[in-house]
Asks: 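Could you have a look at this structure, given as structure tokens, before my questions?
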Amino acid sequence: MKHKEKNMNDLFWETGKDGGFRVPEDYFDRLPEQVMEKIRRADRTPVSRVVPLPRKRMISLAAAAAILFLVLAGTLLLRRSSQDTAPANGTMTAYVISGDLDEQVLYDFMEQENILPEPPVQSAGDDSIINYLVREGVDESLLAELY
Amino acid sequence: MEKYPDKELISLFPDPDHREEAFTRIMEKYQRRLYWHVRRIVLSHEDADDVIQNTFLKVWRHLEDFRGGSELFTWLYRIATNEALSFLKRMKKSPFLPWAGYEEQLLERLESDEYFSGDAIARKLQRALIRLPEKQRLVFNMKYFENMKYEEMSKILGTSTGALKASYHHAVKKIEKFLTEG
């Protein structure tokens with residue numbers, strides 16, 4: 001260990017034990033005053049009032065309770081206003097939010113708004129059906145029952 | 001006889017009329033030792049200046065809480081060490097860290113530091129030291145550069161003297177190896 005330290009000592013001796021580090025001139029003369037100046041500035045800066053923990057917690061709890069009350073009240077009001085008929089224009093959203101939407105309500109709403117999709121297939125009359133079946137090769141004797 | 005004994009300065013601090021004077025005396029007494037300790041950790045003067053000023057601000061805020069359970073210098077040294085290590089931690093977490101890692105960033109800051117006049121050997125030595133794990137580098141600095149006793153180091157770092165001796169021994173081996181092979 002001593003031998004290794006001697007090698008390192010030689011190396012550090014070459015570079016100087018300061019290792020090449022320097023400081024600005026008068027740095028240590030100025031440092032205490034610089035620090036004191038920062039301290040005085042910090043002391044002059046107004047600090048926001050520290051609310052004691054219990055009161056702070058009460059305010060937080062009260063705010064949380066108020067928000068919860070508003071949310072619950074809003075939800076209840078929306079539920080009460082829902083009906084089993086097509087909702088008036090602009091209230092479909094309320095149905096969706098409340099979860100009361102069912103197929104009939106949706107259908108009634110779309111019919112009211114004229115936004116029902118065109119049926120994919122036109123309703124066919126009896127003759128059309130029979131002609132179709134004949135073309136498809138169904139035995140005419142079987143079709144006789146349909147006339 | 002010490003000009004301003006620590007006990008006296010600490011007892012003057014709570015008095016508003018003597019607070020600033022007492023604190024200035026403490027800074028004048030310990031600033032060089034604390035500065036160089038920090039400088040060898042963070043390397044550049046600008047960073048060391050920031051860290052040492054933050055250290056003293058912290059001391060100002062907490063000196064009244066100092067109960068004298070340890071020597072004043074030990075307490076100051078501990079704060080300075082923690083501030084310097086926190087600085088390195090923030091540097092490691094920086095989103096602007098180059099891909100090479102924070103050791104390279106430290107070396108780059110050293111290279112561009114106008115208050116570093118080391119030659120190629122000095123740079124190589126710093127490279128060897130930076131490669132050490134942080135605590136090992138601390139132990140090496142405190143033992144080799146600052147001639148600190150293991151007992152004092154133990155109070156500052158909260159590590160047993162046996163572990164510190166082992167750490168120093170490993171640090172020396174690694175530096176020697178880097179300098180001869182690197």
Side-chain angles (χ1 to χ4, degrees), chain A residues 1-68 70-71, chain B residues 19-21 23-32 34-36 39-40 43-46 48-49 52-61 110 113-126 128-129 140-141 143-147 165 168-169 171-177 179-180:
Chain A
M1 169 69 107
K2 290 285 181 193
H3 172 69
K4 282 178 183 157
E5 269 206 43
K6 187 176 183 298
N7 285 341
M8 260 188 346
N9 278 334
D10 291 342
L11 273 161
F12 282 122
W13 179 255
E14 283 178 53
T15 63
K17 219 170 184 185
D18 61 2
F21 294 123
R22 295 182 297 108
V23 290
E25 206 176 320
D26 300 331
Y27 174 70
F28 292 113
D29 295 332
R30 290 182 282 111
L31 180 61
E33 186 49 38
Q34 279 179 347
V35 171
M36 287 314 307
E37 196 39 57
K38 270 192 177 170
I39 289 169
R40 287 175 203 128
R41 255 201 314 264
D43 284 349
R44 276 197 297 268
T45 308
V47 178
S48 35
R49 190 165 161 265
V50 176
V51 179
L53 192 56
R55 196 189 300 176
K56 196 175 179 182
R57 189 172 284 176
M58 276 171 57
I59 292 169
S60 304
L61 283 173
I67 291 167
L68 193 60
L70 284 169
V71 168
Chain B
R19 195 178 176 99
E20 279 198 16
E21 189 195 339
F23 192 72
T24 302
R25 298 269 177 260
I26 289 172
M27 282 196 284
E28 286 168 353
K29 200 171 171 185
Y30 293 114
Q31 61 178 340
R32 284 170 203 268
L34 293 175
Y35 171 86
W36 287 114
R39 180 77 186 266
R40 274 187 276 272
L43 302 189
S44 85
H45 165 69
E46 193 182 327
D49 183 39
I52 199 68
Q53 292 204 31
N54 287 339
T55 297
F56 283 129
L57 288 174
K58 215 165 210 174
V59 171
W60 170 269
R61 282 197 286 270
L110 180 66
D113 184 13
E114 69 175 288
Y115 298 105
F116 177 70
S117 54
D119 56 10
I121 297 172
R123 284 190 187 84
K124 194 168 184 183
L125 282 167
Q126 288 306 324
L129 288 168
F140 182 83
N141 284 344
K143 180 80 183 97
Y144 187 80
F145 291 109
E146 297 162 42
N147 290 317
K165 285 175 187 173
Y168 181 68
H169 171 73
V172 168
K173 281 179 77 175
K174 282 180 191 171
I175 294 168
E176 172 93 354
K177 190 178 179 195
L179 293 175
T180 52

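By convention in this document, chain letters (A, B, ...) are assigned in the order of the sequence lines, proteins followed by strands, and residues within each chain are numbered from 1. Worth knowing before you read on, the calculation uses all heavy atoms, side chains too, and leaves out hydrogens, waters and symmetry mates.
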Asks: Quick one: what part of B/Asp49 sits under 4.5 Å from any heavy atom of chain A, side chain, backbone, both or neither?
Replies: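 Contact with chain A involves both backbone and side-chain atoms of B/Asp49.
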Asks: For B/Gly118, is there any backbone N or O sitting under 3.5 Å from a side-chain donor or acceptor partner on B/Arg123?
Replies: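 Yes, B/Arg123 side chain to B/Gly118 backbone: donor-acceptor pair under 3.5 Å.
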Asks: Return the option, out of B/Leu43, B/Asp113, B/Ile52, with the maximum number of heavy-atom pairs under 4.5 Å with chain A.
Replies: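 Most pairs with chain A among the choices: B/Leu43.
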Asks: Under a 4.5 Å cutoff for heavy-atom pairs, which residue among B/Glu114, B/Arg61, B/Arg39 has the most contacts with chain A?
Replies: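 Heavy-atom pair counts peak at B/Arg39.
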Asks: Side-chain contact test, heavy atoms from C-beta onward, threshold under 4.5 Å: evaluate it for A/Lys38 versus B/Phe56 and give yes or no.
Replies: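 In short, these two side chains do not touch, never coming nearer than 4.5 Å.
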Asks: Please state whether the rings of B/Trp36 and A/Phe28 are parallel, tilted or perpendicular, taking 30° and 60° as the class boundaries.
Replies: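 It falls in the tilted class, 30° to 60°.
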Asks: The criterion is side chain to side chain contact (heavy atoms under 4.5 Å, CB included); which residues satisfy it with B/Glu21, sequence neighbours excluded?
Replies: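 Testing B/Glu21 for side chain to side chain contact (heavy atoms under 4.5 Å, CB included), a comparison that skips the adjacent residues, returns B/His18, B/Arg25.
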